[in-house]
Amino acid sequence: FMYVAKMSGYADAYELFTPDVGELAFLADEKAPHPFYTRGFLLAEEQNIPVLLARAQEHGNCPANLIIKGKADHIIHEGRLHAVVDSPSVPAMECIGGTGDIVTGLVTGLLCAGLPTATAALAAARLARLLAAHCRPDPSTPVSRLIAALPEVLPRSRDEILALGRA
């Protein structure tokens, strides 16, 4: 849906996007109608995030709030870097399809529970990493195994989430 939002010209009207760095490169390319056609940014790396973010913002191709997923998750709030979440680090999560959907689901649930956007984004990124540390996945782990472990991880993380809300 992020692709449609960008191409409709209304991406900056949304509350939150959750791109990875490659998807951020698509948002940064004001001429690309689809990620397959991103000019020169396709192999974007995390050190390019500030430049890609600035380009996406300049062209109105992203909202003011993002969770840019990767080896480190960059929480952008009101257009600026709010936090970086890089631990625990479980590299296998990078190659398991659907892990970004877990982050999106978590942040959506937290927003629906009334948390402010920056807090919900930070908590979702942190929760996804705690879930990964709990499950200790390898690249062949199905995302369903991670989702099934959420009821075990969420109660253990409650105090940390509440602390983020007070910070």
Side-chain angles (χ1 to χ4, degrees), residues 1-28 34-35 44 46 49 52-53 56-57 60-90 92-135 137 141-167:
F1 192 78
M2 183 171 54
Y3 305 158
V4 173
K6 176 200 172 195
M7 294 314 299
S8 72
Y10 293 104
D12 58 353
Y14 287 79
E15 178 66 22
L16 176 75
F17 282 173
T18 60
D20 60 27
V21 179
E23 291 166 330
L24 181 63
F26 165 67
L27 296 174
H34 188 277
E46 288 192 31
I49 286 175
L52 294 172
L53 177 62
Q57 291 170 330
N61 290 336
C62 68
N65 303 296
L66 300 103
I67 302 172
I68 304 170
K69 303 169 306 211
K71 291 177 186 168
D73 300 317
H74 293 73
I75 311 304
I76 308 300
H77 178 62
E78 296 181 359
R80 296 197 170 123
L81 182 63
H82 174 71
V84 175
V85 181
D86 59 3
S87 67
S89 178
V90 180
M93 290 291 279
E94 294 293 315
C95 54
I96 297 173
T99 57
D101 297 318
I102 290 174
V103 173
T104 300
L106 289 168
V107 74
T108 300
L110 294 167
L111 287 168
C112 288
L115 268 69
T117 304
T119 303
L122 181 56
R126 182 80 175 122
L127 278 168
R129 288 174 177 277
L130 293 171
L131 178 64
H134 173 79
C135 292
T141 300
V143 73
S144 59
R145 186 174 135 227
L146 298 165
I147 293 167
L150 277 169
E152 296 173 52
V153 174
L154 289 174
R156 292 184 202 168
S157 306
R158 182 178 180 273
D159 291 340
E160 182 173 341
I161 300 309
L162 292 174
L164 290 173
R166 289 188 295 271

Taking all heavy atoms of [X] and all of [Y], pick out the closest pair and write down the distance.
X: Pro151; Y: Ala148; value: CD-O, 3.2 Å
X: Leu122; Y: Ala83; value: CD1-CB, 3.8 Å
X: Asp73; Y: Ala125; value: OD2-CB, 3.9 Å
X: Leu131; Y: Ala149; value: CD1-CB, 3.8 Å
X: Pro63; Y: Phe17; value: CD-CD1, 3.2 Å
X: Ser157; Y: Leu130; value: OG-CD1, 3.6 Å

What's the spacing between [X] [atom1] and [Y] [atom2] if we round to 0.5 Å?
X: Asn65; Y: Ile75; atom1: CG; atom2: CD1; answer: 10.0 Å
X: Asp12; Y: Lys6; atom1: CG; atom2: NZ; answer: 13.0 Å
X: Asp20; Y: Glu46; atom1: CG; atom2: CD; answer: 9.5 Å
X: Thr141; Y: Met93; atom1: OG1; atom2: CE; answer: 9.5 Å
X: Ile76; Y: Leu16; atom1: CD1; atom2: CG; answer: 11.0 Å
X: Tyr3; Y: Leu27; atom1: OH; atom2: CG; answer: 8.5 Å

Worksheet entry | Partner residues of Thr18 under the side-chain hydrogen bond (donor to acceptor under 3.5 Å, both in side chains) criterion, sequence neighbours left out |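 If we apply the side-chain hydrogen bond (donor to acceptor under 3.5 Å, both in side chains) test to Thr18, skipping adjacent residues, the hits are Thr104.
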Discussion item. What I'd like to find out is whether the side chain of Ile67 reaches to under 4.5 Å of the side chain of Val85, using heavy atoms alone.
Written reply: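 No, side chains not in contact.
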Worksheet item: So, do Leu110 and Thr119 sit near enough that their side-chain heavy atoms are less than 4.5 Å apart?
Response: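 No. Closest side-chain heavy atoms not under 4.5 Å.
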Heavy-atom donor-acceptor pair, [X] side chain to [Y] backbone, under 3.5 Å:
X: Lys69; Y: Val103; result: no
X: Arg145; Y: Cys135; result: yes
X: Arg126; Y: Ser87; result: yes

Worksheet item: Checking side chain to side chain contact (heavy atoms under 4.5 Å, CB included) for the pair Leu66/Leu53: CA distance, chi angles, key distance, verdict?
Response: CA-CA 10 Å; Leu66 300 103; Leu53 177 62; 3.9 Å; yes
